[in-house]
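First the proteins, then the strands, lettered A, B, ... as listed; each starts at 1.
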Amino acid sequence: MEKPFAITLDVGSSLANKTGSWRTERAEYVHRIPPCADACPAGENVQQWLYRAEDGGYEAAWRTIMEENPLPAVMGRVCYHPCETACNRTHLDAAVGINSVERFLGDAAIELGWTVPEPAHHSGKRVLVVGAGPSGLSAAYHLRRAGHEVTIRDAGPVAGGMMRFGIPQYRLPRDVLDADVRRIVDMGVELELNHHVGNVLEEKSSGGFDAVFLAVGAGIGRRAYIPAGDSARILDAVSVLHSMETGERPLLGRRVAVYGGGNTAMDVARTAKRLGATDAVVVYRRTRDRMPAHDVEVEEALEEGVLMKWLSTVKHADPGTLLLERMELDSTGFPQPTGEFEELEADSLILALGQEADLALLDGVPGIAVEDGVVRVDATMMTGHPGIFAGGDMVPAERTVTVGVGHGKKAARHIDAWLRGATYERPPRHQLVTFDMLNPWYYADAPASVRPQLDVARRRSTFDEVVGGLDSRTALFEARRCLSCGNCFACDNCYGVCPDNAVRKVQPGEPYGYAIDLDFCKGCGMCAAECPAGAIEMLPETV
Amino acid sequence: MPFQPVKFYQTGSFVAGNRLLDPEERTVQADAGRSNTLTSGHRACQGCGEALGARYALDAAMRATQNRLIAANATGCLEVFSTPYPETSWQLPWMHSLFGNAPAVATGIAAALRVKGRADVRVVGQAGDGGTVDIGLGCLSGMFERNDDVLFICYDNEAYMNTGVQRSGATPPAARTATTAAVGSEPGNVFGTGKFLPLIAMAHEIPYVATATIADLHDIEYKVERAMSMHGARYLHLLVTCPLGWGCESSQSIEVARLATQCGLFPVFEAEHGSVIASTKIRRRVSVEEYLRPQKRFAHLFGPGGRPDVIAHLQRIADQRIARFGLIEGGHLDNDGAHAETNGADGRHAGAR
């Protein structure tokens, strides 16, 4: 080719110059585990379903929840949301209202009739689930999805377990619970109610079951010996809450004392208020900060006029009055008696001192180990008896609905593997995302949405639901407050900020939306530094 | 139900793209079909702010002119790292002549196009701070006063980086360079010297003068697009980090530029016909110390034998600029959500936009 004067070479592109050879560090896209998912007892991939909800993909979001948790509408009401406590957004303004978005999705599913199809394949294996509480329902759901025949047997007249007989209606309306349960039953899960399982081995062999999951809960109120005069009215909280469901409203009187400091104590005190008690007094031997009840519950109880008597024990119960002794915390935080007494007027005393599991169905089953009133299970949720698994409140754990659901899922995975003669390998856990891994500059300011609450006046007199839901606009806003910790959310920042144009967009469907062109990546680290979500890691280049 | 604005997009328009925004509201840089005017394989250092700033600005200008754009480039890093003979990284017609004459070359290109009747083809001139504020100032001032139809972009990295970090008229006080050693009672570049070219450009009362940094992509693209919507002499002063000359990590280029704006030392504003019409408000205010500390060119101000008095002096300068350019409105920082109802993406660029 004829070249201009003094030109001897063709024009070349700098693309021939592979500057990737300068690199000592390489950028890599990673998935890290966000604190919400890390904290979720049910193992929900919170960030992932929020991601789907962010662009209005509510059904996809709901189905992502359903991968892990079959009770979204229930969860969105009764979960104590450790995800929100862990949320990295607390370092910016306030946690993402994960629980309220979950409830919105759960309610949308009920309203729009989203269902989960029956499994396409059948394993031919039969599993017996004992107990239709959160743990049992969760296990049944996951086992059914894995293609097994599942039968749930429950001694009660309706399904739900503690969700029905422990959690009052003002926290969990029964139509919501029924809808979430019905969806599981509609997948072909057999539900046999009013069926008390007396001996688990007998039922296992007579029913031809290949494995059993026990989730009978802890439904017996713990009693404490309290010296009492004749006709002093002493009840236990579990029975009170139970009778609220079975039709006969308990007679509690005008002045009700509740003994204990857990969530059940709050529930029963708030129930007493709604039944017409003028005074509902919670008597607890320690201080508020040591109460096992969750803060929200205590707050709501106080708002409704429940009174608290800290550092007090009940020494004697007489009709109409209780004798309380004042306590003092010693240096270890344990309450010690002071010898100072006072009287409290009370028509009834309700004991909310914890609950125990009825383990009679395990009598005579070889290999079962019971410690502190609960059944010991191994890391696969299996008891000492092969093929019998257990979870929920009857095994050692925190006793919440969400923990129960998590147990059910975990047990289902192991039961499924066990039935196939395999072992379930948990996928390796990604690195946890801490706030310092994020680049918070990029997130727009946004205060949390507040769920409307029922007027206090109405809360004291009715069993209407206290906490309302978000509407779709507010739910969308709330979902978009998610920082997407540790996971790419396609913001194009890495693609934009690379001075070497070494980030490529790849086809949807690839594990990540972008790829690094190592021919030209000089390893400056700008993409990693400017990734809002901390989803890019710089790794030393090996020679 | 408490009222919540619906127009909230998680990261709003702070990030390059954001799948929640309409494609028109995303940046040119988020577009897989962007021009990549400065393509891969160039020999700029790792994390070069100038390479990034040049692609940001020229890609936006390419979109604004439907790819009918010619660039005249002064001598400097940008020229050296992009065009070692016979390679070029430029994917637009690009011309280099001398260190000091880029504005005149651009003027000549514009004149030739006028003669040829090619009103559709537009011209940018570009240079570093040395080529703009020192060596090329005469040509640039001439280009301004003749109101030639050129957008001139200065990539300001505050020293002659290409030749080994010598002081320029844009080097900030107290900064160490090869010619302003960090020794003596007044270490680094002396206070009271240097010039801020945007104000000189404004004194020419040309149609458009703006400042921006590589820390705000949407802002750069907005300003380039606005400049290209006008005719006559226009000037864009872009602060670009130099990891080598400033002594910061290559990964920190954008962060350091961001800190320059958030401490008030680098005011981001736009002016038309000699008057400031809008300034970008500080969103997360920081002290100058936070901006200076990551840069080794200011290392002598810190540690034992450090100079808190010098830092305080720089802080006073920052405070004056905040007041002068109205970087904090009514004592309030920029509140992203406040204008969410009235503006496209989280209410940024409210006011003049």
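When all heavy atoms of B/Ser40 and A/Asp500 are compared, the pair lying nearest together is OG-O, 2.9 Å. Across every non-hydrogen atom of A/Tyr442 and B/Arg258, the tightest pair is OH-NH2, 2.8 Å. A/Val497 and B/Leu52 make their closest contact through O-CD1, 3.4 Å (heavy atoms, listed as atom of the first residue, atom of the second, distance). Nearest heavy atoms, B/Ala30 versus A/Asp492: CB-OD2, 3.3 Å. Taking all atoms of both residues into account, the shortest heavy-atom contact from B/Ala51 to A/Pro499 is CB-O, 4.1 Å.
With contacts defined as side-chain heavy-atom distances shorter than 4.5 Å, the pair A/Phe477/B/Gln10 does not qualify. Using a 4.5 Å cut-off on side-chain heavy atoms (C-beta onward), A/Trp441 and B/Glu255 make no contact. A/Pro532 places a side-chain heavy atom less than 4.5 Å from the side chain of B/Val15.
Within the cation-pi definition used here (under 6.0 Å to the ring centroid, within 45° of the axis), B/Arg43 does not qualify as a partner of A/Phe520.
The main-chain N or O of A/Gly12 is never found under 3.5 Å from a side-chain atom of B/Glu87 such that the two would form a donor-acceptor pair. With hydrogens and angles ignored, the 3.5 Å screen pairs a side-chain donor or acceptor of A/Asn493 with a backbone N or O of B/Ala16. Checking side-chain atoms of B/Ser251 against main-chain N and O of A/Met526 turns up no donor-acceptor pair under 3.5 Å.
Heavy-atom contacts from other residues, nucleotides or ligands closer than 6.0 Å to CG of B/Leu244 number 12 or fewer. The local environment of CD in A/Glu537 is crowded, with over 12 non-hydrogen atoms from other residues, nucleotides or ligands closer than 6.0 Å.
Heavy-atom pairs under 4.5 Å with chain B were tallied for A/Asp517, A/Thr19, A/Asp519, A/Leu483; the largest tally goes to A/Thr19. Counting heavy-atom pairs closer than 4.5 Å to chain B, the top-ranked of the candidates A/Cys482, A/Ala16, A/Ala502 is A/Cys482. Of the listed residues (A/Ser14, A/Ser13, A/Cys524), the greatest number of heavy-atom pairs within a distance under 4.5 Å of chain B belongs to A/Ser14. Comparing B/Thr88, B/Asp59, B/Thr83 by how many heavy-atom pairs each has under 4.5 Å with chain A, the most go to B/Thr88. Here B/Ile254 is the residue among B/Asn18, B/Ile254, B/Thr27 with the most heavy-atom pairs under 4.5 Å with chain A. Among the candidates A/Cys498, A/Gly523, A/Ala529, the residue making the largest number of heavy-atom pairs closer than 4.5 Å to chain B is A/Cys498.
With a 4.5 angstrom heavy-atom cutoff, A/Asn439 touches chain B only via side-chain atoms. Neither the backbone nor the side chain of A/Tyr514 has a heavy atom closer than 4.5 Å to any heavy atom of chain B. When heavy atoms are compared at a cutoff of 4.5 Å, B/Ser253 approaches chain A by way of both its backbone and its side chain. Both the backbone and the side chain of A/Glu54 come within less than 4.5 Å of a heavy atom in chain B. Using a 4.5 Å cut-off between heavy atoms, B/Gln262 contacts chain A through its side chain alone, with no backbone atom that close. Contacts between A/Cys521 and chain B at a heavy-atom distance below 4.5 Å are absent for every atom of the residue.
For the pairing with A/Asn501, the side chain to side chain donor-acceptor pair (under 3.5 Å) check across B/Arg55, B/Arg34, B/His42 returns one residue only, B/Arg34.
Going from atom CG of A/Asn17 over to atom CZ of B/Phe81 covers 12.5 Å, rounded to the nearest 0.5 Å. Between B/Arg19 atom CZ and A/Phe489 atom CZ the span is 8.5 Å, to the nearest 0.5 Å. Put simply, OH on A/Tyr443 and CZ on B/Phe14 are 12.5 Å apart, with the number rounded to the nearest 0.5 Å.
With respect to the salt-bridge test (charged N to carboxylate O, under 4.0 angstrom), the residues A/Lys505 and B/Asp31 do not qualify.
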